[in-house]
Amino acid sequence: MWAFVIRRLAVGLLTLFLITFLVYGLIRAMPGDPIALNDEGDPKRQILLEDRKALERMYGLDKPWYIAYWTWAGNVLQGELGDSITADKRPVKTVIGERIGPTLVLSASSLILAYLISVPLGLLSVARSGKWDERVGSLFLYVLYSFPSFVAALMLQIFVAVKLGWFPLQYMRSDGYEKLSAWGQIVDLAWHATLPVIVFTYGSLAYYSRFIRSNMEEVVRQDYIRTARAKGLGEFAVIVKHAFRNTLIPFVTKIGLSLPELLGGSVIIERIFSWPGLGQLYLSAISGRNYPVIMAQTLIFAVLTLAGQFLADVLYALVDPRVRIEDSGE
Amino acid sequence: MDSDTLLKIDGLKTWFHGESGEIKAVDDLSLTLKKGQTIGIVGESGSGKSVTSLSIMRLLPPASARIAGGTISYLGRDLVKLPEREMRGLRGREIGMIFQEPGTSLNPVFTVGEQVCEVIRLHEHVSAKVARERTIKLFTEVGIPDPASRIDAYPHEMSGGQKQRVMIAMALACDPQLLIADEPTTALDVTIQKQILELLASLQSRRGMSMLFISHDLGVISEVADEVAVMFRGKLVEYGPIESLFVSPQHPYTKGLLACRPRLDTPYRHLPTVADFMEIRGTVETGLQLTEKRVDPVRFQELTAVGRGRLYHPETPLVTEDAGKWAPADAATVPTGQHPLLSVHDLQVHFPIKRGLFRRTVGQIRAVDGVSFDVYRGQTLGLVGESGCGKTTTGRAIVQLVRPTGGSIQFSGNDVTRVGSTEMAVFRKRVQYIFQDPYSSLNPRLKVGSILTDVMMANQRGTSKNDRRDRAAALLTEVGLEADHLDRYPHEFSGGQRQRVSIARALAAEPEFIICDESVSALDVSVQAQVLNLLKHLQNTRGLTYVFISHDLSVVKFMSDMMAVMHAGKIVEFGPSDRIYAAPRHEYTRKLIASIPDASIETLVSRIRERAQCRKSHY
């Protein structure tokens, strides 16, 4: 077990280095830099060459990227993510920190909702396989799956928010949010989050329930399912106890791998609903060549992805007694 | 209905509906199973024997199968019409069932104890503690060592034989009246098979339950059954007491089935096949017409005489008194002084076990551990042993599919473990390999024509595209297929036909030497006989040399001149196959021979008498 953990950590660190090194090189190779882009093409806002040089020195942009990378990496190792290259020069940690909450509100609730709905849905579709209700249901899920989320977002905004007025059009909070009671704040937040969460979730419903279903269909063909039936077990016990436990094996891998999605945010959905999440931050950081913010977010995604894979392996061994952690390095 | 009748199947029809219409998997089957009796159902793949058992349990796939007619009366209740709810009450409590593959029939994520306790608690509503105690008692009864701790083992931590014992314990947990055993020993080694058969027989007589025993192997059936039902493509063709079936089989198919098994003491050099006894016209869909052929004594005489006699190693003494007891009159030896075609010396194949942070090698699995033998031109060497004994690894090492750890493999004077790539190409042209599974060893995306011509291209056989195609067509005819099969894909053939394609593929390189690795193990007995005959025929016409690898001692003995018995990576006994059968010297060989089901009439009669005795004392 420990040998496995150490080996995975070592490989993970190497992967992290490669990812960040490559991304750093790529973003520095993009045309334009934060100082040049800051004037927004307005000749009046152009700064003097000396000032520009001074700023470049300050942000470490005067050095070639492969040297500047090491400065950045050294700072990261000391827990320092640098300052945002914007007028307010706020620390990257603060900038990202205030975006994590809003993004998690959407992604975590959507992920939990997706699992809560799609697991029973998948099981039901196996139990009712081939019957008319299952066919209609599956077809409907497929339609949802192939329906583009930005179109759905706009349609919900037009019909549910503007025409019916049931939910707010955009933003995370109402005016006067601060004056509300704690409970009132939660209700207000949930009210604003409803539409984006729906848009976030509906597509993955079909995906997850389909995943459960195809795995279950594989499992119910197995000999041990026939054994379970030959024991005299009812359909519910066969499906839920004997088959589903085996479907969990590929499913936990999915759960582990969906970890980075939690903080990935969605550029388009957040933008449509003016939601102040990490996705929007990433987009603006890239268009403003805000290198420290881009790098910090890249680092978070990379760490989460690697951690997710690690988690998947460990969970795998937990649900499948045949897998021993020692063997999985082969 | 008699009071001692447990199960009465009357006119059972189970139909599957496929794309091409209805398939009559079981067509008009009638059986009567008495209390305490065992009926064996024998048949080949597609005969409907397993579908029969699933029909009784009502475990047929609901989407594709239905019971189209007939009744299955269990103690007066018609199982065909029983509501699903009541049926569930019968399954596992009144009728227990065990399956072919103990490895896949147990749920991998639960301990074996949990899986047995589950049945007990389901049907008898006892506490977890009571169920556990009963499970331990059951494990003791079915012969699982150290049951109190093995009860918490997961299936993957047990051997195949032990898993089957768990399955038996599970099936017997609620004292069923009827046990259905569907090929319960087919996936097991022959020594384990013997143990399981003995266990089933003793459990049955002790508990006085009835058994429906399904197998493709008449030998296995003869060990357990009182009556035998022979099924052929969904129809019951013969049904009667086991003794009369073996002594005077009535139906030509039964006669064929009995004759085509390569028994250890077979007088044949080529095996009779079912086709020698009957002619089949029509298909299952349109209705089969079976006509009995007149058994031609000349033909059977020919089968014992055609081809060459045994060809032993040069140093084998044939004139000593001892040899007279086992060597056939026309056995010959390779002339002294002739060099062996293949000479394996001290072959070792070790697989490393790696552990720890740096994946250091902490041990070796000695799959092949110092194996030496010679094979002379025109001979067949049989490698026999149980799973994991290293026979397949030896075969693979010879053709360099696995790298030997040590030792030498001389092929016509060159050590193939040390040759360069040019010589290796020549070696590969001369040595070919036929694999076990004709389903997975042929590329499903290639037509048979390209499967064959690709081999020719790779080995520079044939002068042009057309020439290679002509050769491929000729090869197909030679292996008993037709020239216009060239444009078919592998899935369009039956298992036996596919193995013929595999043989044609091996021949396409025009080799001198072929390694047959369990090449008939996946085939039905009647098809197996045809393929064995074909291999023998090809050896005669093409002067081939074989290494014939199999777990089945009777098949190896039938095919081979010399035989090597392997156990735990080593050859424990080597010698003329007739001598090894007649006078085995090593303990393990004796055990192996004793494990083969004995279907001789004398054994059969004494076994039946024993069982009758048992039953009398029980009631």
Side-chain angles (χ1 to χ4, degrees), chain A residues 1-11 126-131 134-135 217-252 316-330, chain B residues 53-54 56-64 84-111 114-116 118-123 153-157 166-167 170-171 173-174 176 180 182 353-360:
Chain A
M1 177 72 196
W2 285 113
F4 167 78
V5 172
I6 293 167
R7 194 166 51 244
R8 282 300 289 266
L9 271 179
V11 173
V126 178
R128 308 274 317 160
S129 180
K131 307 251 167 44
E134 180 269 326
R135 291 197 181 182
E217 274 173 348
E218 181 66 35
V219 170
V220 293
R221 274 202 295 270
Q222 300 295 316
D223 290 346
Y224 53 79
I225 296 303
R226 191 182 52 191
T227 309
R229 293 210 168 98
K231 283 175 177 179
L233 288 173
E235 200 57 25
F236 183 79
V238 170
I239 296 271
V240 174
K241 186 176 175 195
H242 283 265
F244 185 54
R245 177 77 200 273
N246 279 280
T247 313
L248 278 180
I249 295 167
F251 198 58
V252 294
Y316 204 100
L318 272 181
V319 290
D320 191 345
R322 284 165 299 182
V323 175
R324 277 172 311 157
I325 275 296
E326 280 98 325
D327 296 339
S328 43
E330 287 289 308
Chain B
S53 69
L54 293 176
I56 299 169
M57 288 292 264
R58 288 249 309 269
L59 287 174
L60 296 159
S64 57
E84 175 63 24
R85 200 181 171 73
E86 285 178 49
M87 197 62 221
R88 280 209 296 269
L90 283 182
R91 288 186 202 128
R93 186 168 67 187
E94 301 262 330
I95 310 175
M97 188 161 180
I98 51 178
F99 302 96
Q100 173 168 354
E101 279 283 352
T104 56
S105 294
L106 288 166
N107 197 328
V109 301
F110 296 108
T111 65
E114 284 170 334
Q115 298 186 53
V116 178
E118 189 182 20
V119 199
I120 302 176
R121 298 197 64 192
L122 176 71
H123 292 295
Y154 283 98
H156 72 274
E157 295 165 333
V166 171
M167 284 299 293
M170 191 190 294
C174 299
I180 302 177
D182 189 355
I353 307 167
K354 290 184 170 161
R355 288 260 164 76
L357 182 52
F358 299 103
R359 311 220 59 73
R360 257 196 309 264

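Numbered from 1 within each chain, the chains take letters A, B, ... in sequence-line order. This is a predicted model, so every value here is computed, not measured.
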Completion exercise
So, the part of A:Ile225 with a heavy atom under 4.5 Å from chain B: the answer is neither
Exercise for the section: Go through the atoms of B:Met167 and report whether side chain, backbone, both or neither lie under 4.5 Å from a heavy atom of chain A. Expected result: side chain
Practice task
For chain A, find which of B:Asn107, B:Val119, B:Leu106 contributes the most heavy-atom pairs closer than 4.5 angstrom.
Solution key: B:Asn107
Handout entry: Closest approach of B:His123 to A:Lys231 (non-hydrogen atoms, all atoms of both residues)
Key = NE2-O, 2.7 Å
Fill in the blank from the handout: Turns out that what part of B:Gln115 lies under 4.5 Å from chain A's heavy atoms comes down to both
Problem - Approximate separation, where rounding is to 0.5 Å, of A:Arg221 CZ and B:Thr104 OG1 - result: 13.5 Å
Practice task
Using non-hydrogen atoms and a 4.5 Å limit, figure out which bit of B:Leu59 sits close to chain A: side chain, backbone, both or neither.
Solution key: side chain
Problem - Gap between atom CG of A:Asn246 and atom CZ of B:Phe110 - 0.5 Å precision - result: 7.5 Å
Handout entry: Residue pair B:Leu54, A:Arg226: steps toward the side-chain contact (heavy atoms from CB on, under 4.5 Å) verdict
Key = CA-CA 10 Å; B:Leu54 293 176; A:Arg226 191 182 52 191; 4.1 Å; yes
Exercise for the section: Could you tell me whether the side chain of B:Glu118 reaches within less than 4.5 Å of the side chain of A:Lys241, counting heavy atoms only? Expected result: yes
Practice task
Kindly give the heavy-atom pair with the smallest separation between A:Thr227 and B:Ser105, and that separation in Å.
Solution key: OG1-O, 2.7 Å
Exercise for the section: Go through the atoms of B:Ile180 and report whether side chain, backbone, both or neither lie under 4.5 Å from a heavy atom of chain A. Expected result: neither
